[in-house]
Amino acid sequence: MDLKEIEKKWQARWEKAKLHGFDRKSDAPKQYILEMFSYPSGAKLHVGHWYNYGPTDSYARFKRMQGYNVFQPMGFDAFGLPAENYAIKTGIHPKDSTEKNIATMENQLKAMGAMFDWSAEIKTCEEDYYRWTQWMFLKLFEKGLAYRKEAPVNWCPSCNTVLANEQVVEGRCERCSTVVVRKDLTQWFFKITEYAEELLSGLDGLDWPEKTKNMQRNWIGRSTGCEIEFATEQGEKFRVFTTRCDTVFGVTYVVLAPEHPLARKLTTPEQAEAVEAYIEYASKSNEIERLSSTREKTGVFTGSYAVNPVNGKRVPIWLADYVLASYGTGAVMAVPAHDERDYAFAMKYGLPIEKVIEKLGGETQLPFTEDGIMTGSLEFDGLVGEEARDAVATYISKLGKGGKKVNYRLRDWLVSRQRYWGAPIPVIHCPTCGIVPVPEESLPVKLPYDVEFRPDGKSPLAKCEKFMNTACPKCGGAAQRDPDTLDTFVCSSWYYLRYADPKNVRAPFEREAVDRLLPVDTYVGGAEHACMHLLYARFFTKALRDMGYLDFDEPFKRLVHQGVILGPDGNRMSKSHGNIVSPDDYVNEYGADAFRLYLMFGFSYTEGGPWNDDGIKAVARFLERVEKIVLKADEYRTKRDEPYGAAEKALDYARNFAIQRVTKDLEAFSFNTAVARLMEFVNALYKYDGLENKNASLMKAACKDLILLMGPFTPHFADELWEQTGGKGFVLEHKFPTEDPTALVLDEKEYAVQVNSKIVCKAMIPTSATNDEVQSLALSLPEVVEKTAGKSVKKCVVVPGRLVNLIVG
RNA sequence: GCGGACGUGGCGGAAUAGGCAGACGCGUUGGACUUAGAAUCCAAUGGGCAACCGUGCAAGUUCAAGUCUUGUCGUCCGCACCA
């Protein structure tokens with residue numbers, strides 16, 4: 001059959017029958033199956049899209065055939081840097097190029113034959129969506145979860161914008177790989193740190209890849225320790241954070257980050273010049289230099305001293321950029337004897353080193369950073385590890401100088417971007433009232449079309465007077481809008497909620513609608529979002545829950561990452577490698593069904609791998625084999641007395657085994673083995689068909705099951721065969737076959753027969769045989785007799801249905 | 001440096017819960033059909049003439065190890081001065 005022709009035909013019929021949408025009236029159990037929505041930066045779908053969406057759609061179809069009311073929406077993550085950068089390069093307005101790309105991609109997605117519910121489509125760059133993105137911002141602001149502050153931020157000099165921590169990879173911009181520099185800017189942040197603890201603990205209950213959960217755990221970076229207050233001789237106080245308060249008696253100096261608020265205050269006149277020079281030096285270094293752990297440590301003495309609260313010792317206060325202003329308190333106590341960094345620093349600057357921990361049963365070599373016995377620590381001497389830290393922390397809190405403290409590595413999420421193509425931040429800056437949120441009823445703050453978006457280091461919107469000049473909603477006086485736009489990750493942090501109620505004009509969604517459809521049952525997308533989108537979306541869900549807009553804790557119950565399809569040369573597909581495989585070429589030649597089926601069969605879904613032409617030919621051949629046998633069986637005439645013997649039993653076994661395993665494999669996203677089971681089933685059909693005297697009814701019934709089993713994998717092909725063999729309605733409307741357990745019970749099974757753990761022969765043994773019977777049967781086999789001659793059986797292990805092992809000697 | 005994952009035929013990849021390693025497919029070889037090729041069908045296909053040997057390497061636990069334990073080498077990924 002001509003797969004391309006039938007695809008068009010069936011797509012039209014499906015659409016006419018409104019076969020694919022979510023049934024909002026049905027009371028069947030729901031399944032919300034979601035693929036990460038598309039980013040329309042390129043004009044066409046690439047292999048990665050197909051790999052994400054094709055197999056997942058097969059899973060969705062499978063669930064639908066199992067009787068679930070499946071919701072599988074699709075949309076476009078349409079705002080963002082790539083579209084804008086493309087615009088800068090070509091002069092084509094991002095709105096125009098994005099809309100054009102979306103139109104193309106919509107057509108291609110439909111050609112894929114996926115059962116997306118297009119009635120729920122979302123485009124984040126449209127007013128009726130970003131209006132509610134802005135609303136989210138206002139709600140977070142009201143709740144104190146959005147705030148503006150001046151802080152050292154990551155600035156990409158090429159993209160001309162600030163970036164979130166999560167978007168800086170090894171000191172470089174995630175998008176363009178330019179080395180990021182630090183700038184002090186006043187920016188909007190979301191207080192994701194408020195949820196650090198729950199974002200961490202919530203991971204335990206999620207059916208997500210362990211690796212992804214661990215990445216989030218590391219990113220959140222919970223660390224338990226102790227805060228300790230040091231007083232300076234000038235009467236200032238500051239706190240340090242340490243995870244090793246059992247070493248506090250070994251403090252020989254303290255270090256503040258160069259950006260620490262007390263840095264200049266504590267500097268003595270004699271040191272002022274050196275300190276100024278150092279602060280200047282530290283502020284100039286970029287992220288890469290600063291983060292490198294191999295870089296030699298630098299620092300400067302402030303000239304001042306602080307007092308160690310536990311022993312009254314006077315220790316010098318230094319500044320050094322190996323202490324980060326943004327973590328803990330921005331200050332640390334230095335114990336060179338028991339910390340590698342402090343040790344290196346002390347060696348370089350000739351600071352004293354004092355050992356206060358002894359290795360248990362061994363010689364203590366400095367720096368000694370493991371747990372050990374406290375020494376030189378007054379009444380704490382002799383305590384070890386956790387117990388020691390507990391005692392010291394308790395003592396410190398009794399002194400009123402601090403106590404136990406939990407810190408997180410996670411920082412607040414910086415959401416302002418000095419870019420054009422995004423949702424404007426709905427805030428007005430009034431000279432008399434200060435920051436005034438745009439009233440809800442005035443949303444959306446529309447993104448103007450006529451804007452000079454070529455970058456010059458300022459927000460493009462700042463140059464658009466029509467946009468900027470407005471009246472203060474509070475006092476009515478002349479005021480200015482915020483010239484920045486929101487990070488695109490804000491748009492994608494709640495889209496899965498909007499799908500549930502996509503046309504709502506009164507609210508982003510009704511609580512009832514999201515509570516019914518969510519959480520997402522299975523979410524499928526790339527692993528690169530582990531610490532960005534997937535973390536932000538969890539934060540949004542929790543914040544919205546606490547504001548009373550929804551009633552669940554986690555947005556995505558189960559998460560699956562598809563692997564990456566590489567170019568035929570084993571490298572990532574890219575223009576520079578010249579190894580891009582175009583799905584269109586293959587779809588045109590073999591059809592969407594064959595292409596999807598190959599993506600499922602040729603790779604381990606979560607692994608991916610290099611593209612290979614031969615595989616798709618093999619899959620096309622398989623479809624031809626299916627068509628041939630099914631149509632042939634359809635011609636057979638059923639008789640009154642059809643044979644039913646061993647051959648029939650074997651075929652029925654193959655059929656039910658396939659049903660059982662395909663069901664299991666699909667559930668587990670193990671598409672390659674599921675297809676392998678289908679192939680085995682087809683091989684069994686051919687084998688049976690080669691016999692003289694056939695049971696036509698059984699053949700027909702088996703082929704009917706085959707078509708239904710194929711339904712999720714190759715939807716057009718299956719419907720065509722279904723129709724050609726007289727089936728009613730669409731395959732999708734039928735129940736996915738369930739296995740008949742009695743057909744899977746065999747009278748006898750092949751055992752591997754071992755003597756002293758080595759395989760001697762195979763033997764068919766009745767399923768009903770007891771272990772003793774299996775043993776004596778095995779002993780009677782000629783091969784066994786030969787190997788055991790003159791020896792006695794010392795032990796016999798029987799694994800029912802599989803193996804018997806005779807230990808003789 | 002820290003953390004995690006993975007090393008299986010010529011190739012992509014299978015092997016619940018420790019139980020016949022290599023499912024399924026590609027490729028290869030031989031055969032059938034054909035004037036010929038393509039396509040299709042049938043058969044064989046981890047290595048070795050064999051005894052045997054084989055899941056990166058070396059040990060260990062076990063009647064039995066791709067699977068568990070320890071060490072080691074290699075590849076990939078994540079984090080990386082987080083006190």
Side-chain angles (χ1 to χ4, degrees), chain A residues 169-171 209-219 221-223 225-226 240-245 247 254-255 257 290-297 320-324 326-335 338-342 344-345 369 407-411 527-528 530-531 598 601-604 607-619 621-622 624-625 628 661 664-665 668 670 672-683 686 690 750-762 794-809:
Chain A
V169 181
E170 291 179 351
E210 258 330 293
K211 190 181 168 171
T212 307
K213 291 205 266 185
N214 266 328
M215 278 170 69
Q216 286 208 0
R217 286 185 188 114
N218 289 335
W219 190 260
R222 184 183 202 268
S223 140
C226 182
V240 301
F241 175 73
T242 178
T243 55
R244 288 298 304 275
C245 63
T247 66
V254 293
V255 192
R290 182 142 188 207
L291 290 177
S292 164
S293 49
T294 52
R295 183 169 76 135
E296 196 175 339
K297 296 186 182 5
D321 68 359
Y322 79 89
V323 174
L324 306 175
S326 51
Y327 183 76
T329 59
V332 304
M333 60 181 214
V335 187
H338 306 294
D339 182 280
E340 279 170 26
R341 295 154 301 185
D342 299 342
F345 194 79
T369 60
N407 263 323
Y408 300 91
R409 213 187 69 111
L410 184 71
R411 310 288 152 77
E528 67 275 12
C531 292
Y598 171 54
F601 179 60
F603 310 87
S604 171
E607 296 295 315
W611 174 261
N612 174 342
D613 270 306
D614 300 329
I616 191 161
K617 287 181 196 135
V619 154
R621 191 177 318 166
F622 169 67
E624 279 167 29
R625 267 168 74 77
K628 220 192 270 179
R661 291 299 304 268
K664 222 170 182 176
D665 289 347
S670 181
N672 55 345
T673 52
V675 177
R677 299 292 90 85
L678 289 174
M679 289 173 165
E680 281 170 350
F681 181 25
V682 171
N683 290 344
Y686 269 89
E750 190 185 60
Y751 277 64
V753 182
Q754 300 181 327
V755 173
N756 288 340
S757 306
K758 290 208 168 162
I759 291 175
V760 170
C761 64
K762 311 270 171 87
K794 292 194 167 151
K795 190 176 173 183
C796 175
V797 181
V798 175
V799 182
R802 307 196 81 140
L803 160 151
V804 51
N805 188 7
L806 298 156
I807 309 304
V808 299

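Each chain gets a letter, A, B and so on, in the order the sequences are listed, and its residues count up from 1. Keep in mind that the numbers below use all heavy atoms, side chains included, and drop hydrogens, waters and symmetry copies. Just so you know, these numbers come straight off a predicted model, no measurement behind them.
- Side-chain atoms of A/Lys297 lie closest to B/C81 of the nucleotides B/G25, B/C63, B/C81.
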Summarise protein proximity over nucleotides 50-55 of chain B in one line of letters, 5' to 3': B for base, S for sugar-phosphate only, - for none, counting protein heavy atoms closer than 4.0 Å. ------
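- Between the C1' atoms of B/G27 and B/G78, the separation comes to 37 Å (whole Å).
- For A/Val323 against A/Val255, the heavy-atom pair with the smallest separation is CG2-CG1, 3.7 Å.
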So which protein nitrogen or oxygen atoms get under 3.5 Å of nucleotides 13-23 of chain B's nitrogens or oxygens?
{"unit_1": "B/G13", "atom_1": "OP1", "unit_2": "A/Gly608", "atom_2": "O", "d": "3.3"}
{"unit_1": "B/G13", "atom_1": "O3'", "unit_2": "A/Asn672", "atom_2": "ND2", "d": "3.1"}
{"unit_1": "B/A14", "atom_1": "OP1", "unit_2": "A/Ser604", "atom_2": "OG", "d": "3.0"}
{"unit_1": "B/A14", "atom_1": "OP1", "unit_2": "A/Asn672", "atom_2": "ND2", "d": "3.3"}
{"unit_1": "B/C20", "atom_1": "O2", "unit_2": "A/Lys762", "atom_2": "NZ", "d": "2.5"}
{"unit_1": "B/A23", "atom_1": "O2'", "unit_2": "A/Arg677", "atom_2": "NH2", "d": "3.3"}
{"unit_1": "B/A23", "atom_1": "O2'", "unit_2": "A/Glu680", "atom_2": "OE2", "d": "2.5"}
{"unit_1": "B/A23", "atom_1": "N3", "unit_2": "A/Arg677", "atom_2": "NH2", "d": "3.1"}

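- One finds a side-chain N or O of A/Arg621 lying less than 4.0 angstrom from the OP1 or OP2 phosphate oxygen of B/C26.
- Stem analysis of RNA chain B (at least three stacked-register Watson-Crick or G-U pairs, each with both distances under 3.5 Å) gives B:1-7 with B:73-79, B:10-12 with B:24-26, B:27-32 with B:40-45, B:56-60 with B:68-72.
- Ion pairing of A/Arg621 with A/Glu624 is absent here, as no side-chain N (NZ or NE/NH1/NH2) approaches a carboxylate O to less than 4.0 Å.
- Comparing B/A83, B/G78, B/G27 against the side chain of A/Asp614 picks out B/G27 as the nearest.
- When all heavy atoms are compared, the tightest approach of A/Ser223 to A/Thr243 is OG-CG2, 3.5 Å.
- OP1 or OP2 of B/C41 has at least one side-chain nitrogen or oxygen of A/Arg625 nearer than 4.0 Å.
- With hydrogens and angles ignored, no donor-acceptor pair under 3.5 angstrom links the side chain of A/Lys617 to the base of B/C26.
- Place A/Val332 and A/Lys628 on RNA chain B by their nearest nucleotides, and A/Lys628 ends up nearer the 5' end.
- Taking 90° from 0 as the syn/anti boundary, the base of B/G31 is oriented anti.
- Within 4.0 Å of A/Asn683, counting heavy atoms only, lie sugar-phosphate atoms of the nucleic acid but no base atom.
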